Amino acid sequence: MDISSILQGGYQHPLSRSWQGRRQLTKSMFMYPIFITDDPDASVVISSLPGQRRWGVNRLESFLGPLVKKGLKSVILFGVPLNCEKDGRGTPADDPSGPVIQAIKKIRLLFPSLYIACDVCLCEYTSHGHCGLLHADGTINTKPSVLRLAEVSVNYAKAGAHCVAPSDMMDGRIKAIKQALIDADLASKCTLMSYSAKFASALYGPFRDAAGSAPSFGDRKCYQLPPTAKGLARRAIQRDMVEGADIIMVKPALPYLDIISDAAQLAPDHPLACYQVSGEFAMVHAGATAGVYDLKTMAFETTESMVRAGATLILSYFTPDFLDWLET
């Protein structure tokens, strides 16, 4: 056998196997998506998302406290308003008495070291369920949508969010949000994480159940990216870099590892996030329940593939599990 054929000697031991990866999973790489509702005492099971709940602000201490003790470093908040009057411009999104702003303030008070990101979108708050404001014919009205998203972002930052993360996919919103943060003297105090390459995926179903954010008509294919659109994703990533994004994100993760890899090459000096979305999480659980594989083994395999592709931050519902698993 030729000398160059021998590879197994380099990974024959558990420790030397670990050295073969360029990066290892760590607790700080995980950001936990949590759903905050406007019932302050809520703890409501989300049947399509195993182990996940909608939480009220009065439950955050008992919910997050044990996770922070285990090493939870960051969360991203999604508002789920159930008791408000929605309208065409998503007015409840930045209501000072609404779930997100109340949760920001509560978490800052309870857990000063916990990093708080806030998803910025209008779909949970509009009467029509779309991610922006609409023309009379039902199509997206981009300019006022972008202005409204920038307004919401600034109000989350003013409330104490460490990071705003627009997921709406409106053209030009990163530039508008960055400028609004600059004008409010908050650009150096609040990170801007862009859902740069967010695809129109079938994997969002459980999330829409959790957040009540399904559109009342049509779909989001005119602003979320087509699943086959590699070049368009690359252009969107480069655009958001120029417009002022501090972190680039790819969503979903597992079906788009090639896009994560492209993003790592296009934005080598930016942190790179990916979102292991609700459908990915539910699929891993479903396969484990059916006996196809071991849950922990597959959770590691999927997330390690994201790191291998170039991700430095993973938004995942597996975060509480990894806080335990990474102890061993």
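What you see is a predicted model, and the numbers here were worked out from it, not measured in a lab.
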What residues, two or more places apart in sequence or in another chain, satisfy side chain to side chain contact (heavy atoms under 4.5 Å, CB included) together with Thr191?
-> Tyr115, Cys163, Asp246, Ile247
State whether the side chain of Arg23 and the backbone N or O of Thr312 hold a donor-acceptor pair below 3.5 Å, judged by distance alone.
-> no
Please name the pair of heavy atoms, one in Ala267 and one in Ile248, separated by the smallest distance, quoted to 0.1 Å.
-> CB-CG1, 4.3 Å
With sequence neighbours left out, the residues meeting side-chain hydrogen bond (donor to acceptor under 3.5 Å, both in side chains) with Tyr256 are none
Between Leu225 and Ala233 the two heavy atoms that sit nearest each other are CD1-CA, 3.8 Å
Please identify each residue that fulfils ring-ring contact (aromatic ring centres under 6.0 Å, His included) with Phe318, with sequence neighbours left out.
-> Phe281, His285
Note, Ile36 side chain near Leu60 side chain (heavy atom, < 4.5 Å) | yes
Ser167 side chain reached by Lys198 side chain, heavy atoms, under 4.5 Å = yes
Between NZ on residue Lys86 and SG on residue Cys123, distance to nearest 0.5 Å = 8.5 Å
CD (Glu243) and CG (Leu192) are apart, to the nearest 0.5 Å, by 9.5 Å
Between the side chain of His270 and the main-chain N/O of Ala245, is any donor-acceptor distance below 3.5 Å?
-> yes
Asp185, CG atom: more than 12 neighbouring heavy atoms under 6.0 Å | no
Establish whether Leu110 and Leu114 are linked, either directly or via other cluster members, by ILVMFWY side-chain heavy-atom contacts under 4.5 Å.
-> yes
For the residue pair Thr319 and Ile314, establish whether any side-chain heavy-atom pair is separated by less than 4.5 Å.
-> no
Would one find more than 12 heavy atoms of other residues, nucleotides or ligands at under 6.0 Å from atom NZ of Lys27?
-> yes
From Ser28 OG over to Leu25 CG, what is the distance, rounded to the nearest 0.5 angstrom?
-> 10.0 Å
Could you pull out the closest heavy-atom pair between Pro227 and Ala200, with the gap in Å?
-> CG-O, 3.6 Å
Tell me whether Val68 is reachable from Leu109 by hopping between hydrophobic residues (I, L, V, M, F, W, Y) whose side-chain heavy atoms are closer than 4.5 Å.
-> no
Partners of Asp171 by salt bridge (Lys or Arg N to Asp or Glu O under 4.0 Å), sequence neighbours excluded?
-> Arg239
Do Leu257 and Val250 share a hydrophobic cluster (ILVMFWY, side-chain heavy atoms under 4.5 Å, transitive)?
-> yes
Rounded distance [0.5 Å steps], OG in Ser153 versus CG in Leu149 = 6.5 Å
How far apart are the C-alpha atoms of Leu64 and Phe111, what are their side-chain angles, what is the distance that settles it, and do they pass the side chain to side chain contact (heavy atoms under 4.5 Å, CB included) test?
-> CA-CA 9 Å; Leu64 291 175; Phe111 309 108; 3.7 Å; yes
Sub-4.5 Å side-chain heavy-atom contact between Ile259 and Phe199 = yes
Aromatic plane relationship, Phe78 with Tyr275 - under 30° parallel, 30 to 60° tilted, over 60° perpendicular = tilted
Rounded distance (nearest 0.5 Å) linking atom CE of Met249 with atom SG of Cys274 = 9.0 Å
Short side-chain to backbone donor-acceptor contact, Glu280 and Val277, under 3.5 Å | yes
List for me each residue that meets salt bridge (Lys or Arg N to Asp or Glu O under 4.0 Å) alongside Lys70, sequence neighbours excluded, and say none if there are none.
-> Asp324
Evaluate the side-chain proximity of Leu72 to Val75: yes if any heavy-atom separation is below 4.5 Å, no if none is.
-> yes
Might you point out which heavy atoms bring Ile260 and Ala253 nearest each other, and give the distance in Å?
-> CD1-O, 4.0 Å
Check the pair Met193, Asp240 against side chain to side chain contact (heavy atoms under 4.5 Å, CB included), reporting the backbone distance first and the verdict last.
-> CA-CA 10 Å; Met193 177 166 65; Asp240 288 0; over 6 Å; no
Does the side chain of Leu203 come within less than 4.5 Å of Pro255's, by heavy atoms?
-> yes
4.5 Å side-chain heavy-atom contact, Leu315 and Gln276 | no
With Phe322, which residues qualify under ring-ring contact (aromatic ring centres under 6.0 Å, His included), at least two apart?
-> Phe30, Phe300, Trp325
Any salt bridge (Lys or Arg N to Asp or Glu O under 4.0 Å) pairs touching residues 259-271, not counting sequence neighbours?
-> Lys230-Asp262, Arg234-Asp262
Kindly determine whether Leu122 and Asp168 satisfy side chain to side chain contact (heavy atoms under 4.5 Å, CB included), including the steps that lead there.
-> CA-CA 7 Å; Leu122 301 180; Asp168 55 284; over 6 Å; no
Can you give me every donor-acceptor pair (side chain of residues 90-102, partner residue at least two apart or in another chain, under 3.5 Å) with its distance?
unit_1	atom_1	unit_2	atom_2	d
Thr91	OG1	Asp87	OD1	3.4
Thr91	OG1	Asp87	OD2	2.5
Asp94	OD1	Arg148	NH1	3.4
Asp94	OD1	Arg148	NH2	2.7
Asp94	OD2	Arg148	NH1	3.1
Asp94	OD2	Asn155	ND2	2.8
Asp95	OD1	Ser97	N	2.9
Asp95	OD1	Ser97	OG	2.9
Asp95	OD2	Ser97	OG	3.3
Gln102	NE2	Pro96	O	2.8

With sequence neighbours excluded, residues passing side-chain hydrogen bond (donor to acceptor under 3.5 Å, both in side chains) with Asp39 | none
Working for side chain to side chain contact (heavy atoms under 4.5 Å, CB included), residues Ile107 and Leu77 | CA-CA 11 Å; Ile107 294 170; Leu77 306 182; 4.0 Å; yes
Measuring from Ser316:OG to Met29:CE, what's the distance to the nearest 0.5 Å?
-> 11.5 Å
Ignoring hydrogens and geometry, is there a side-chain-to-backbone donor-acceptor pair from Arg173 to Pro166 under 3.5 Å?
-> yes
Is Val292 reachable from Met298 through a run of I, L, V, M, F, W or Y residues, each pair having side-chain heavy atoms under 4.5 Å apart?
-> yes
Return the set of residues passing side-chain hydrogen bond (donor to acceptor under 3.5 Å, both in side chains) with Arg59 (not counting sequence neighbours), or none when no residue passes.
-> none
Any chance the side chains of Gln224 and Tyr195 put a donor and an acceptor closer than 3.5 Å?
-> no
For the pair Arg108 (side chain) and Gly160 (backbone), establish whether a donor and an acceptor sit closer than 3.5 Å, ignoring hydrogens and angles.
-> yes
Under a 4.5 Å cut-off applied to non-hydrogen side-chain atoms, are Tyr32 and Ile76 in contact?
-> no
Among all residues two or more places apart in sequence or in another chain, which pass the salt bridge (Lys or Arg N to Asp or Glu O under 4.0 Å) test with Asp119?
-> none
Check side-chain hydrogen bond (donor to acceptor under 3.5 Å, both in side chains) between Ser43 and all other residues, then give those that pass, not counting sequence neighbours.
-> Arg53
Shortest non-hydrogen contact between Leu49 and Ser278, atoms and distance = CD2-CB, 3.6 Å
Backbone N/O of His135 and side chain of Thr139: donor-acceptor pair under 3.5 Å = no
